[in-house]
There are 2 protein chains.
Amino acid sequence: MTQSDKRRSGCPISCSLDLLGDKWSLLVVRDMVFVQKRHFKDFLKSDEKIATNILASRLARLEALGIISKQTDPGSKRQVIYSLTTKGIALIPLLVELVCWGSLHLGAPDADPGEIKKIQNNKQKFIHSLEKKCQHQVQLQN
Amino acid sequence: MTQSDKRRSGCPISCSLDLLGDKWSLLVVRDMVFVQKRHFKDFLKSDEKIATNILASRLARLEALGIISKQTDPGSKRQVIYSLTTKGIALIPLLVELVCWGSLHLGAPDADPGEIKKIQNNKQKFIHSLEKKCQHQVQLQN
DNA sequence: CCGGATCCGTTTCGATACTG
DNA sequence: CAGTATCGAAACGGATCCGG
């Protein structure tokens, strides 16, 4: 339906608007990639103050898009764990580019200039280490 | 104000949400980068059917963010030309990553598999050629 | 004609309260 | 802890109008 409408519309960018065209979805993915958040409550704690209903709707959408997966914690029955799928992990290079752009062109206050240089100089290594972390998480659950 | 609020909020990604968190802004930038659109009417013609008021608001925002610049066509007085600034051109690597991700993971129908491989294999060349095009445009105006 | 601005019904968002 | 329910506020978007 909506999904297939997007398919018909053509270019890869318009297809990915559900994800990148939405502020909250982007923040959720950011937190999963860079801060390894996995629980509902973790996402609520971010500085951007996402509301519970919005968060729930975005998590559901990201799951529908196949970017994250959801499972109840085997240990504590009422905890839910969200993790990135392969498709989600594949977004990491994109997010790293985003961080680089933001750091260079937006005067982000958190950005340590030295740190940025380091990231840019071996972007590939940085990407790989993030990928490792996310993949490791996925394996822990299985 | 809003701008400085964003500054305070911290990480480069949250700072860039005004741009990437919005579907229409993203589409405008896409069209400028990949299809070299420059006029108001050009953006209206995209498959996604943006409304005139929405387009106007996004162009204004992108200009305020310093990502695009606006000037009246020296030739035909009533035409307005939008072009990417340096800051806007710096988004190209990000957009290329986005295209790669979308092509690989969203089953985009327009995506010629051979074409994608080619882009991935020399991503840097592809990025450079796009940058050249955009820079060339800017120079034409001056 | 071109680049918008205005109006206005409809949709979506998002803060808070509430539930299992 | 992980979500729904509710409801006012904001954004969207189609049609139309306007100035140059």
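Residue numbering restarts at 1 for every chain, and letters A, B, ... go by the order of the sequence lines.
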Starting at [atom1] of [X] and ending at [atom2] of [N], how long is that distance when rounded to a whole Å?
{"X": "A:R61", "N": "D:dG3", "atom1": "CZ", "atom2": "C1'", "answer": "17 Å"}
{"X": "A:D22", "N": "D:dA11", "atom1": "CG", "atom2": "P", "answer": "15 Å"}
{"X": "B:L17", "N": "C:dC13", "atom1": "CG", "atom2": "P", "answer": "15 Å"}
{"X": "A:L44", "N": "D:dG3", "atom1": "CG", "atom2": "C1'", "answer": "10 Å"}
{"X": "A:D42", "N": "D:dC1", "atom1": "CG", "atom2": "P", "answer": "9 Å"}

Identify, residue by residue, the members of residues 24-32 of chain B with a heavy atom below 4.0 Å from DNA chain D, and return them in order of residue number, or none.
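Here the set is B:W24.
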The side chain of [X] is closest to which nucleotide in this list: [options]?
{"X": "A:Q79", "options": "D:dG3, D:dC1, C:dG3", "result": "D:dC1"}
{"X": "B:I54", "options": "D:dG13, C:dG3, C:dA5", "result": "D:dG13"}
{"X": "A:K41", "options": "D:dC1, C:dG3, C:dA15", "result": "D:dC1"}
{"X": "A:N53", "options": "C:dT16, C:dG3, D:dA2", "result": "C:dT16"}
{"X": "B:H39", "options": "D:dC12, C:dC2, C:dG3", "result": "C:dG3"}

Quick one: are [X] and [Y] in side-chain contact, heavy atoms under 4.5 Å?
{"X": "A:D18", "Y": "A:D22", "result": "no"}
{"X": "A:M32", "Y": "A:F43", "result": "yes"}
{"X": "A:Q79", "Y": "A:T72", "result": "no"}

Using heavy atoms to find the nearest nucleotide of DNA chain C for B:R78 and B:L59 separately, return the residue whose nucleotide is more 5′.
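Counting from the 5' end, the first nearest nucleotide belongs to B:R78.
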Between [N] and [X], is there an OP1 or OP2 to side-chain N/O distance shorter than 4.0 Å?
{"X": "A:Y82", "N": "D:dC1", "result": "no"}
{"X": "B:R58", "N": "D:dC12", "result": "yes"}
{"X": "A:K49", "N": "C:dT16", "result": "no"}

Taking only Lys NZ, Arg NE, NH1 and NH2, and the carboxylate oxygens of Asp or Glu, determine whether A:D31 and A:K37 approach each other closer than 4.0 Å.
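A:K37 and A:D31: salt-bridged.
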Counting heavy atoms not belonging to A:K133, are there more than 12 under 6.0 Å from its NZ?
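Not more than 12 within 6.0 Å, no.
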With no hydrogens and no angle check, is any side-chain donor or acceptor of B:S16 less than 3.5 Å from a backbone partner on A:G102?
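No; judged by distance alone, with no hydrogens or angles, the pair does not exist.
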